[in-house]
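A short write-up of the structure that comes next.
It should be emphasised that the depicted structure is a prediction, and the values quoted were computed from it without experimental measurement. All heavy atoms count here, side chains included; hydrogens, waters and symmetry mates do not.
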2 protein chains.
Amino acid sequence: MNEAAQVSAGKTGRRTESAAGRDVSTVRDVARRAGVSASTVSRVMGGTYPVAAATRAKVLKAMRELDYVVNAHARALGGSTNKTVAFVVDDVTGPFYAHIARGVEEQASAEGRLCMLCTTHGDPQRVLAVVEMMREQRADAVIVVGGAWEDKAYQDRMTHFAHALDRVGSRLVLVGRPPLGEGVPATVVDYDNEAGAFAMTTHLLSAGHRRIAYLARVPGLSTSTQRISGFTRAHELMGLTPDPALILDGEFTRAHGYRAARELLASGADFSAVFAGTDMVAAGALQALREGGVRVPEDVSVAGYDDIPVAIDVYPALTTVHVPHEELGRTAVRLALHRDEFPESQHQVLGTHIVIRASTRGPGRPRETS
Amino acid sequence: MNEAAQVSAGKTGRRTESAAGRDVSTVRDVARRAGVSASTVSRVMGGTYPVAAATRAKVLKAMRELDYVVNAHARALGGSTNKTVAFVVDDVTGPFYAHIARGVEEQASAEGRLCMLCTTHGDPQRVLAVVEMMREQRADAVIVVGGAWEDKAYQDRMTHFAHALDRVGSRLVLVGRPPLGEGVPATVVDYDNEAGAFAMTTHLLSAGHRRIAYLARVPGLSTSTQRISGFTRAHELMGLTPDPALILDGEFTRAHGYRAARELLASGADFSAVFAGTDMVAAGALQALREGGVRVPEDVSVAGYDDIPVAIDVYPALTTVHVPHEELGRTAVRLALHRDEFPESQHQVLGTHIVIRASTRGPGRPRETS
DNA sequence: TTGAAAGCGCTAACAC
DNA sequence: GTGTTAGCGCTTTCAA
């Protein structure tokens, strides 16, 4: 007892010297003030246990007077229920991610979860580091968004994490990327990348375009590979073969779209349509085309992918493939949190569809003469 | 002992029945495997304490073999160091917030903090609820972004939370909104809203515009009030008075910009320039103007506020006021985390400046004749 | 309906 | 250098 008092005194001393607060009230303080025991206070908070109305009132009053808030960590530790969902993206700034983030955040808060945000800046190393941190946090679900690197080592690492997370009771969720394989404990919410690209390419081909440039192929990135695959399949279905010279490698950025379109123009390549890897790439291409005196869609048609908000603000408004961003996010959270209820639907593929706006039409005259 | 064993057995039983694992290894497991004590394991992890090289190696090996990860909650509970920063926004989707979020996330991870994301959907009630949750989490800093409601009750509540957070050792940070007053323990990182609007209005006025419409005034929102104030001051400095009929109330949305510009056109109002409350509002206005056959900037100049990425993608590229989004985010985190080192600079105002692009120029002929 | 007691997993003071 | 001993604040049996 004496020792306890001494320890307490020592602590109080330290409190004074540090700038801000360690003087938070605890269940015990509340209990003392209400003249009950700590367990009773806990029961009042939990709500899931009978407590006499009078007692409950006293406790509530004490909590209010002390401005009490539970310590989420202590609760997580004792009660093993953690209540957080982690959201891992490349870059919050991209509208693509932002909208998925919104879906995730909404569903998470609807399910009473907090949402942790982590950015990886496209660095595969950081993805792994971040997933590790989430394991420490014991997040209910760890949602990783965006194309995956089709790299054996990387995938093995992810598979490892899927298991590691599973072991601590967490769930790995892959959004917009392919499954890791059979038996890997992970939820996958994907959208039909290939079909979207196929539909768009078909739209362009049936408008009469025969030489379509594809901007921003990212070798080794699942998303890109699938889009290229839909692009190719659409050609093949009409007995055509895409010209490899018209497929330009590059990143999913506005800057790349601008650069690539300029090069295309400078090289004098023959093309009447541009299918950009993403809407951002399309936005860059549009600028380059405009600066090069090429009219869209009169001289060249331009299509994008993603249907992010900027698609309606560029000029002309962009024909693109719609991806159900928010729904991806919401579905990811829902599926992961209720995986016991839906064990069979842990791999979901949402649909995509094309949205035709003003940037595409049939091919005009050859570019040279315009 | 028997009882303990029984309890343990009971738990194991439950483990089996629940889908995924509660079978995580703890410091104790690692300690046992490495043949050392728990404290030694803890010391190895902390790194900040001398441990024999051989011992350290054994522990590290055991941790690897057991695939051990610390329990962040247990750590937070014991060590009182929490390592998270909370970020509270209206809507992750807005590029305005997204870029601040990036700054926050970057600085937070640079400082070894995790970042929690919370959305309020413009609901003042939810702001308060969210701040309360963050108090439970004992976040190092709670960063609230965006204009504040100039409403006494709301401000009182925020003031209350500033104190409450302070008591649990957290710090309230207000980004892009005015301070709560003297003696309130909060960090404020603002940007010069008024000066930005002043500079832009002056730009327009000196180009010769005399009838400038202001789109999207939001009564009671600090940001909007300050912008209007800069707008007015610029007029007054030239001995002019803005025409109240040209100041349209409405939200900071693209949809409102569109609607407002259409109304303006329909009403036959006389104006040669539009100053939009935000870039999104400007994007909507641009569309309405184009649809109405009004050329920008030949017939009407359009200016925005914020300088979000879309400003360069709209047509014509938008003249706007640049707000240092990322820097706001970074500064917020830095200041809050090191408040003891910089007690004097807990209220910082970052500069804004105008960026002139293609959407503004001198007034052309009267609109009627165009 | 309530209280007492035993941890959850970790860190930190204190001994050796 | 390393082990022992106490808790951090809460939930949760087990008794009463």
Side-chain angles (χ1 to χ4, degrees), chain A residues 1 3-4 6-8 10-11 14-15 22-32 34-59 63 66 68-83 136-138 168-169, chain B residues 1 3-8 10-11 14 22-32 34-59 63 66 68-83 136-138 168-169:
Chain A
M1 261 299 200
E3 287 181 350
Q6 223 177 344
V7 167
S8 181
K11 269 192 187 156
R14 225 179 310 131
R15 277 175 204 170
R22 261 309 62 136
D23 55 353
V24 204
S25 25
T26 73
V27 255
R28 240 122 105 169
D29 300 323
V30 175
R32 198 174 311 127
V36 299
S37 77
S39 349
T40 302
V41 175
S42 177
R43 291 198 263 260
V44 169
M45 291 194 283
T48 171
Y49 207 88
V51 174
T55 316
R56 142 172 275 107
K58 273 192 303 186
V59 171
M63 298 206 314
L66 258 37
Y68 171 82
V69 270
V70 282
N71 180 322
H73 298 293
R75 173 173 282 178
L77 185 54
S80 90
T81 164
N82 172 293
K83 302 292 177 197
E136 295 180 6
Q137 296 289 329
R138 303 291 190 267
V168 302
Chain B
M1 260 297 201
E3 288 182 347
Q6 222 176 343
V7 167
S8 182
K11 268 194 189 153
R14 225 176 312 133
R22 265 304 67 128
D23 55 353
V24 204
S25 25
T26 72
V27 254
R28 244 123 103 165
D29 300 322
V30 175
R32 198 174 312 128
V36 298
S37 78
S39 351
T40 302
V41 175
S42 176
R43 292 197 263 258
V44 169
M45 293 193 285
T48 170
Y49 209 87
V51 175
T55 315
R56 144 171 274 108
K58 275 192 303 186
V59 171
M63 298 204 315
L66 259 38
Y68 171 83
V69 270
V70 281
N71 181 321
H73 299 293
R75 174 174 282 179
L77 186 53
S80 91
T81 163
N82 172 294
K83 302 292 177 197
E136 295 180 4
Q137 296 289 328
R138 304 291 191 268
V168 302

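Atom CG of A:N71 and atom P of D:dG7 are 18 Å apart (whole Å). Distance CD (A:Q137) to P (C:dC10): 13 Å, rounded to an integer number of Å. If you measure from atom NE2 of B:H73 to atom C1' of D:dG7, you get 19 Å, rounded to the nearest angstrom. Computed from coordinates, the A:K83 NZ to D:dT11 P distance equals 13 Å when rounded to whole Å. Rounded to an integer number of Å, the gap from A:R32 CZ to C:dT2 P is 19 Å.
Atom OG1 in B:T40 sits 10.5 Å away from atom CE in B:M45 (nearest 0.5 Å). Here the CD-CZ distance, from B:Q137 to A:R75, works out to 10.0 Å after rounding to the nearest 0.5 Å.
For C:dG3, the OP1/OP2 oxygens have a side-chain nitrogen or oxygen of A:S37 closer than 4.0 Å. For D:dT13, the OP1/OP2 oxygens have no side-chain nitrogen or oxygen of A:Y49 closer than 4.0 Å. For the OP1/OP2 pair of D:dT2 and a distance below 4.0 Å, the side-chain nitrogens and oxygens of B:S39 include no atom meeting the criterion.
Annotation: side chain of B:N71 is not in contact with side chain of B:T26 (no heavy-atom distance under 4.5 Å). Under the 4.5 Å side-chain criterion, counting only non-hydrogen atoms from C-beta, A:D29 is in contact with A:R32.
Closest to the B:L77 side chain, of the nucleotides D:dC8, C:dC10, C:dT2, is D:dC8. Comparing D:dT11, C:dC10, C:dT11 by their closest approach to the side chain of A:S42 singles out D:dT11. Considering only side-chain atoms of A:A74, the nucleotide from C:dC10, C:dT2, D:dC10 that sits closest is D:dC10. With distances taken from any side-chain atom of B:V51 to the nucleotides D:dC10, D:dT2, C:dC10, the minimum falls on D:dT2. In this structure, the nucleotide among D:dT2, C:dC10, D:dC10 sitting nearest to the side chain of B:R75 is C:dC10. In the set C:dG9, C:dT11, C:dA13, C:dA13 carries the atom at the smallest distance from any side-chain atom of B:R43.
In this structure, B:V41 reaches neither bases nor backbone, as no heavy-atom distance under 4.0 Å exists between it and the strands shown.
With hydrogens and angles ignored, no donor-acceptor pair closer than 3.5 Å exists between the side chain of B:R138 and the base of D:dG9.
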* **side chain to side chain contact (heavy atoms under 4.5 Å, CB included) between B:R138 and A:V69, worked out** => CA-CA 10 Å; B:R138 304 291 191 268; A:V69 270; 3.7 Å; yes

